[in-house]
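Only one structure is covered here, and it is reproduced in the block below.
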Amino acid sequence: MATSAIPLDTRSRTTTHAVDARLADHVSGYWSLVVETPPSTVRVVPDGRIDLVFDLDTAETHVAGARDTPFDAVHTRPTR
């Protein structure tokens with residue numbers, strides 16, 4: 001699975017991860033984002049999927065529905 005987020009600068013990076021076989025019937029893939037030097041802009045492109053977002057720094061979880069247009073997310077603090 002390719003990531004649906006594209007870093008628009010060199011201050012962030014995305015990594016795709018293999019799906020554990022036990023989840024493969026329910027999860028098409030997952031990826032992570034690291035921003036070490038903010039601000040950093042990431043473009044999220046439509047991929048027809050619903051995303052669960054886990055912010056490990058703030059212990060928050062968000063659900064993002066399937067999108068039909070891209071959007072840019074500006075990260076103003078270091079994040080992972």
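Keep in mind the model is a prediction, meaning the values are calculated, not measured. What's counted below: heavy atoms across the whole structure, side chains too, no hydrogens, waters or symmetry copies.
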Exercise. Looking only at heavy atoms, what is the nearest atom pair of Ala5 and Pro7, with distance?
Worked result: O-CD, 3.8 Å
Exercise. Linking I/L/V/M/F/W/Y whenever their side-chain heavy atoms sit closer than 4.5 Å, directly or via other members, would Ile50 and Phe54 fall into one cluster?
Worked result: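 Yes; Phe54 is reachable from Ile50 via cluster members.
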For this session: Check the hydrophobic clustering (I, L, V, M, F, W, Y; side-chain heavy atoms under 4.5 Å; chains of links allowed) and say if Val35 and Trp31 are grouped together.
Result: yes
Exercise. Would you call Val19 and Ser28 a side-chain contact if the rule is heavy atoms closer than 4.5 Å?
Worked result: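 Heavy-atom side-chain distance check fails, nothing below 4.5 Å.
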Exercise. Would the number of heavy atoms belonging to other residues, nucleotides or ligands and lying under 6.0 Å from CZ of Arg22 be above 12?
Worked result: no
Approximate separation, where rounding is to 0.5 Å, of [X] [atom1] and [Y] [atom2]:
X: Thr41; Y: Asp9; atom1: OG1; atom2: CG; answer: 5.5 Å
X: Leu56; Y: Thr79; atom1: CG; atom2: OG1; answer: 8.0 Å
X: Thr58; Y: Arg77; atom1: OG1; atom2: CZ; answer: 5.5 Å
X: Asp68; Y: Asp47; atom1: CG; atom2: CG; answer: 12.0 Å

Exercise. So, Arg49 side chain and Asp51 main chain: donor-acceptor pair closer than 3.5 Å or not?
Worked result: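 No, Arg49 side chain to Asp51 backbone: no donor-acceptor pair under 3.5 Å.
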For this session: Could you check Arg13, Arg80, Arg11 and say which one makes a side chain to side chain donor-acceptor pair (under 3.5 Å) with Glu36?
Result: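 Considering Arg13, Arg80, Arg11, a side chain to side chain donor-acceptor pair (under 3.5 Å) with Glu36 is found only for Arg13.
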For this session: With side chain to side chain contact (heavy atoms under 4.5 Å, CB included) as the test, would you mind laying out the steps for His75 and Ser12 before giving the verdict?
Result: CA-CA 9 Å; His75 295 272; Ser12 62; over 6 Å; no
